[in-house]
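This chain uses plain numbering: 1 for the first residue, then up along the sequence.
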Amino acid sequence: MHAQRVESLSHAQRVESLSHAQRERLAYIDFRLYFMGEIGRPDLANRFGVAPAGATRDLALYREIAPQNIEFDGSNKIYRIGKAFSPIFDHATKRVLSALSLGFGDGENVDSQPLLPCESPAALSSPRMGVLAPICRAIYAKRPVAIRYHSMTNGESERVIVPFALVDTGLRWHVRAFDRNSSEFRDFVVTRIEAPTLVDEEPKASEHPDKDIQWTRIVELDLVPHPRLARPEIIRMDYGMTDRSIRIRVRAAVAGYMLLRWSVDASPDHSLKDEHYRLWLSDPLALYGVENAKLAPGYRPPAAQTKK
């Protein structure tokens, strides 16, 4: 065990001494071996636009750093995963799944085909780049932005917002911002925004994200297998529960979206019986004061719970 730790440490030290571009290429070799079981010079050359001789040098360097991870199959002229393979890079789950299902894409549509057959629900709503890009620039520059917004309740209106974060609810993208029309922090659906124009002025102190109570407040949610289920241990496997529950800390501003996305029964008496409710919020009072709690399936305000 000690020898493995020392070897792992030396791997990390050696990798850290490389240039960023080299680390990127070695991480790709590591990824292909780990998830595809093999890599050839053309894979590396096509991904990074390097010459065959450069790809050969990268593969030789990887082999020098982690010889147990890679074996050369001379008959097929391809490198295969070693029997004692242990990744030398941390591969984040979200990035791995994205690469497997969408491919590797940078500024151009390079190597953007799925690496494995993957299917996922179609996205019915996507932000327009001509809207998303100015919003992102406003967030990055910390500047207000004038927009035309279409609301379900108020229709079309002109307003100035001070955006500071994007929020993916799983169904659509929102921008969290201070709204100068209402003098409140709110969520704006990106697909309902038109004609965003940056305003060249500094936000006021009251418009800064640290004044957004729903954003800065962190709530702790305890999710357990739904009590109606006969095999709770299966649900624990599904969600990787190491204990008997999942304890997650989220911003109050996104708690309702998260519970809705994962179909978590937030009723105080776990009264939702439909099959897709596999989790129950064991302490619904954790949502006290959360403005978007009404989005959570089965949620009842504390006053309504008392009356019941």
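The residues Arg300 and Asp269 are annotated as salt-bridged, a charged nitrogen and a carboxylate oxygen being separated by less than 4.0 angstrom. In summary, Arg143 and Glu202 engage in a salt bridge, as defined by a charged side-chain N under 4.0 Å from a carboxylate O. Remark: Glu38 engages Arg80 in a salt bridge, criterion side-chain N to carboxylate O under 4.0 Å. A salt bridge does not link Glu291 to Lys294: none of the charged nitrogens lies less than 4.0 Å from a carboxylate oxygen.
The number of heavy-atom neighbours closer than 6.0 Å to NZ of Lys211, taken from other residues, nucleotides and ligands shown, is above 12. Residue-environment remark: NZ (Lys273) exceeds the threshold of 12 foreign heavy atoms within 6.0 Å. The neighbour count for Asp210 CG, taken as heavy atoms of other residues, nucleotides or ligands under 6.0 Å away, is above 12. The number of heavy atoms from other shown groups lying within 6.0 Å of CH2 (Trp262) does not exceed 12. Annotation for Arg23: atom CZ counts as buried by contact number, over 12 foreign heavy atoms lying within 6.0 Å. Counting non-hydrogen atoms of other residues, nucleotides and ligands closer than 6.0 Å to CZ of Arg95 gives a total of 12 or fewer. Counting heavy-atom neighbours within 6.0 Å of Arg148 CZ, excluding the residue itself, gives a total above 12. Residue Asp274 qualifies as enclosed at atom CG: its count of foreign heavy atoms under 6.0 Å is above 12.
Donor-acceptor pairing under 3.5 Å is recorded for the side chains of Thr56 and Arg41. For the residue pair Asp243/Ser245, the side-chain donor-acceptor check at 3.5 Å is not satisfied. Asp168 and His174 share no donor-acceptor pair across their side chains, judged by distance under 3.5 Å alone. Side-chain polar atoms of Asp73 and Ser75 form a donor-acceptor pair below 3.5 angstrom. The closest side-chain donor-acceptor pair between Asp179 and Ser182 falls under 3.5 angstrom.
If you chain together hydrophobic residues whose side chains sit under 4.5 Å apart, Trp215 and Ile139 never meet in one group. Under the 4.5 Å side-chain heavy-atom criterion for Ile, Leu, Val, Met, Phe, Trp and Tyr, Tyr299 and Leu223 are members of the same hydrophobic cluster.
Under the rule for a salt bridge (charged side-chain N to carboxylate O under 4.0 Å, His left out), Arg251 has no partner lying at least two apart in sequence or in another chain. Residues satisfying the salt bridge (charged side-chain N to carboxylate O under 4.0 Å, His left out) criterion with Glu201, sequence neighbours excluded, are Arg180. Shown here are the salt bridge (charged side-chain N to carboxylate O under 4.0 Å, His left out) partners of Glu64, two or more places apart in sequence or in another chain: Arg14. With sequence neighbours excluded, no residue forms a side-chain hydrogen bond (donor to acceptor under 3.5 Å, both in side chains) with His270. Checked against side-chain hydrogen bond (donor to acceptor under 3.5 Å, both in side chains), Arg249 has no partners two or more places apart in sequence or in another chain.
Counting heavy atoms from C-beta outward, Arg25 and Tyr62 have side chains that stay 4.5 Å or more apart. A 4.5 Å side-chain heavy-atom check between Tyr257 and Leu295 finds at least one atom pair inside the cut-off. Contact check for Met152 versus Arg192: side-chain heavy atoms found under the 4.5 Å cut-off. Asp43 is listed as a side-chain neighbour of Arg32, based on a closest heavy-atom distance under 4.5 Å. No side-chain heavy atom of Ile39 sits under 4.5 Å from any side-chain heavy atom of Ile78. The side-chain heavy atoms of His226 and Leu279, taken from C-beta on, include no pair separated by under 4.5 Å. Residues Leu259 and Leu281 form a side-chain contact, since some pair of their non-hydrogen atoms from C-beta on lies under 4.5 Å apart. Here the side chains of Tyr149 and Glu156 are not in contact, with every heavy-atom distance at 4.5 Å or above.
Of the possible donor and acceptor atoms, none in the side chain of Asp30 sits under 3.5 Å from a partner among the backbone N and O of Pro87. Between the side chain of Asp212 and the backbone N or O of Gln214, at least one donor-acceptor pair lies under 3.5 Å. Between the side chain of Arg217 and the backbone N or O of Ala253, no donor-acceptor pair lies under 3.5 Å. Listed for the Arg176 side chain is no donor-acceptor partner under 3.5 Å among the backbone atoms of Pro209. In this structure a side-chain-to-backbone donor-acceptor pair under 3.5 Å is missing from Asp265 to Tyr277. For the pair Asp222 (side chain) and Ser282 (backbone), a donor-acceptor distance under 3.5 Å is absent.
Rounding to the nearest 0.5 Å gives a distance of 6.0 Å between CD1 of Ile147 and CD1 of Ile135. Here CG of Leu124 is found 12.0 Å from CZ of Arg172. Values are rounded to the nearest 0.5 Å. Between the CG atom of Asn292 and the CG atom of Leu260 there is a distance of 9.5 Å, given to the nearest 0.5 Å. In this structure, Cys136 SG and Leu166 CG are separated by 5.0 Å, a value rounded to the nearest 0.5 Å. Here Trp173 contributes atom CH2 and Asp187 contributes atom CG; the two are 13.0 Å apart, rounded to the nearest 0.5 Å.
Considering every non-hydrogen atom in both Val175 and Val190, the closest pair reads N-CG2, 4.1 Å. When all heavy atoms of Pro302 and Tyr288 are compared, the closest pair comes out as CG-CD1, 3.6 Å. Nearest heavy atom pair, residue Leu287 against residue Ala266, reads CD1-CB, 4.4 Å. Nearest heavy-atom pair, Ala45 versus Ala55, reported as atom, atom and distance to 0.1 Å: N-CB, 4.5 Å. The minimum heavy-atom distance between Asn69 and Ala84, with the atom names listed, is OD1-O, 3.9 Å. For Phe31 against Ala99, the heavy-atom pair with the smallest separation is CZ-CB, 4.0 Å.
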Inset, instruction - Test Leu221 against Val264 for side chain to side chain contact (heavy atoms under 4.5 Å, CB included), laying out the working first. - result: CA-CA 11 Å; Leu221 307 177; Val264 178; over 6 Å; no
inquiry  = Checking Phe178 against Ile161 for the side chain to side chain contact (heavy atoms under 4.5 Å, CB included) test, could you report, in this order, the C-alpha distance in whole Å, the side-chain angles of both residues, the deciding distance, and whether it holds?
reply    = CA-CA 5 Å; Phe178 182 84; Ile161 63 174; over 6 Å; no
* **From CA spacing to verdict: side chain to side chain contact (heavy atoms under 4.5 Å, CB included), Leu18, Leu61** => CA-CA 10 Å; Leu18 302 175; Leu61 177 58; 4.0 Å; yes
Stepwise side chain to side chain contact (heavy atoms under 4.5 Å, CB included) test for Leu229 and Arg278 | CA-CA 8 Å; Leu229 298 173; Arg278 303 298 179 89; 4.1 Å; yes
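By the 30° and 60° cut-offs, the orientation of the rings of Phe72 relative to Tyr79 is tilted.
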Under 3.5 Å, which donor-acceptor pairs link side chains of residues 125-132 to any protein atom two or more places apart or in another chain?
residue	atom	partner	partner atom	Å
Arg128	NH2	Ile193	O	2.9

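Between Tyr34 and the choices Phe85, Phe89, Tyr28, the ring-ring contact (aromatic ring centres under 6.0 Å, His included) rule is met once, by Phe85.
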